Amino acid sequence: MIIMKVLEQFEKECEDAVRQALVALGAPADTPLVKEIPDNADLAIPCFMLSKSLRKPPAAIAQEIAAQLKVPAGLITGVTALNGYLNFTADSAAIVRDTLTEITEKGKDFGKHAPTGLRVNVEHTSTNPTGPVHVGRARNPIIGDTLARCLRMCGHDVTTEYYVNDVGKQMVMMAWGVTNVTPAEVKQEIEETGKEDDRDKVDHRLVYNYRVATKKIHDDPVMEEQIAEMVRKFEAGDQATIDQVKGITEKMLGGIKETLSAMNVTLDRYTWESSLIASGAARQIVERLKATKYAGQAADGAWFLDLKDFGIHGKNTNFTFTRADGTTLYTTRDLAYHLDKFSRSDRVIDVLGEDQKLGSQQLCAALKIMSVEQKPEPLFYAFVALPEGRMSTRKGVVVYLDDLIDEASDRAYEEIKKRRNDLPENRMRAIARQIGVGAVRYNIVRVAPSKQLVFKWEEALNFDGNSGPYLQYVHARACSMLRKAGTFERDTDPAKLTDEYEIRLAKALAGFEDVLQDAGNNMHVHQLPAYGHKVAALFNQFYAEVPVLQAGASRNARLTLVECTKIVLANVLDCLGIAAPEEM
RNA sequence: GGGCGAGUGGCCUAGUUUGGAUAGAGCGGCGGCCUCCUAAGCCGCAAGUCGGGGGUUCGAAUCCCCUCUCGCCCGCCA
């Protein structure tokens, strides 16, 4: 059953009707028509742009077209002319019936598109494993994971992956710090910063070693030489050094994975940067680039690409792809990585911090130079800053995601305790966790990625209004009603759902698939929480105004509407990576 | 110096791609609503020169030009 088409069909009927009338009035049949969905009608068509060709005021045109139309016809139940607009009303009974029928038939597959066969790759998170994930970069896994979930609902074959940076001075320093920094130095670092992080988690413990190492290197020539030596060995393929770095990277990554998992984020695949060196893939990129006419070599031997013809602006349009000693650079290896992703994907999306804009542009230019047809689609997000400024792992100016999750869960626990005395302790804890994570994820994904955000505890821990817990609450409410109702016979008879609250709610439910397409295919992830909030708010209004369990003849129909709302909200929450608790 | 992004009530945000009716929400504030299905809720009130200035248009938050503020970037770092 293809029900969602009711709205589409209605639109088409309106358009056809207006076109016919226009021809009768002497306008060309291909006149472009603007369609809107306002509050006071189901579809509106403004007539202002017709005024030129018909040489009449818009209001008169609207009047004349309205007079020409034969209504009701099909799904159109009414048309009025107002202020130069044609306002159409749809057969709400058909919409209500078809929407509820489809939702009850499809259940959790409601809104899901048929398989498209399109292979979509979403790279996200990919944070350097030098410390715990902090809130400044937390947008990445949350946006990336939400996007991947939406794309799956759009019917695509989605692979998510994390590009693990285990190459370079930064990670060498990390490894050096773990083996050489003493407990006394760690203690001193804690005293100096005045902040102790006593969480027993590998990434939280080892980040002190990294911080001490980055501080020491400035005034310790011996250490500086040791690091340089390790980097040289690493670049030369010394297995012991490579394994040492890789071992530490794995440990840190383990901690990061734990955090992600707590946020309901899991990735399908991890690609290690060092593997692109080992496989020779990075080397091949170098050879391919060298052979192009844009390649050049500096006096000391470093190779670069001149990108001035590719929209790269600034002081220096050269993009260096090998060091003087011939070793590869980050972006060179990233090129190899992208070629690998292209070989197994039809669409490649990179969720990146806004500091990667130039790098991404250079990468695309280099791909073009190599005559690679495919291009990654970057999705940039601005960093979340603290009121006192940008977050920094090295400086210790951070709020860790683990701490945010814990704080949110603790607050949620207090809220539950206030209103429920019937639940066992472990149940309250479990629900609190779901609500805490829901609040955090929702709060971050609700804002368009390009907006710069300042992190504030009171906003991140918001459980009211436009928040994750608000949606969860409505879901729990609906579940509670259904529990109390017991078994009932589904009823999609629109004659029993004529209240304005019921019709508005049903129409909102019908819009889920469109929102999913926009959130997924157009990467407008932040539309999803907005939609969820709208549905939840409409449900709460319905709930406040319309009795359900005591509804007499309409009881089953209203329960069906409650069940459908529950299904849609559960689907929305699932796409947001937020649990849908049955009670709270 | 240059490139890219952001600027919408006290705070935060949607809408900008594809120009249309009185610019939607939320938080905070003020005032109502639990003898009824979860009050993490509902209803109402106050609060907006859509950063500023030009322009295009019947019509601009939306398009064009100029300008101001903030963020990010302009390593042979990753």
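Sequence lines set the chain letters: A, B, ... in the order given, protein chains first and strands last, and positions in each chain run from 1. Please read all numbers here as calculations on a predicted model, not as lab measurements.
A straight line from CG of N540(A) to P of rC37(B) spans 15 Å, rounded to a whole angstrom. L358(A) places its CG atom 7 Å from the P atom of rC74(B), with the value rounded to the nearest Å. Rounded to an integer number of Å, the gap from N316(A) CG to rG75(B) P is 6 Å.
In a base pair of the Watson-Crick type (N1 to N3 plus N6-O4 or O6-N4) or a G-U wobble (N1-O2 and O6-N3), with each distance short of 3.5 Å, rC72(B) is matched with rG3(B).
Checked by distance alone, D300(A) brings a side-chain donor or acceptor within 3.5 Å of a matching partner on the base of rC76(B). Judged by distance alone with a 3.5 Å cut-off, a donor-acceptor contact links the side chain of N87(A) to the base of rA21(B).
Nearest nucleotide to the N83(A) side chain, out of rC12(B), rA21(B), rC37(B): rA21(B). Of the candidate nucleotides rA14(B), rC76(B), rA40(B), rA14(B) has the atom lying nearest to any side-chain atom of H526(A). When distances are taken from the side chain of R419(A) to each of rA21(B), rA39(B), rG5(B), the shortest belongs to rA39(B).
Ion pairing of R419(A) with E415(A) is present here, as a side-chain N (NZ or NE/NH1/NH2) and a carboxylate O approach within less than 4.0 Å. A salt bridge links D306(A) and K308(A); the closest N-O separation between the charged side-chain nitrogens and carboxylate oxygens is under 4.0 Å.
Atom P of rC50(B) sits at a distance of 15 Å from the matching atom of rA21(B), rounded to the whole Å. Comparing the C1' positions of rU17(B) and rG53(B) gives a spacing of 25 Å, expressed to the nearest Å.
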Please determine whether side-chain contact (heavy atoms from CB on, under 4.5 Å) holds for the pair Y543(A) and V562(A), giving the CA-CA distance in whole Å, both sets of side-chain angles, and the decisive distance to 0.1 Å.
CA-CA 9 Å; Y543(A) 175 88; V562(A) 171; over 6 Å; no
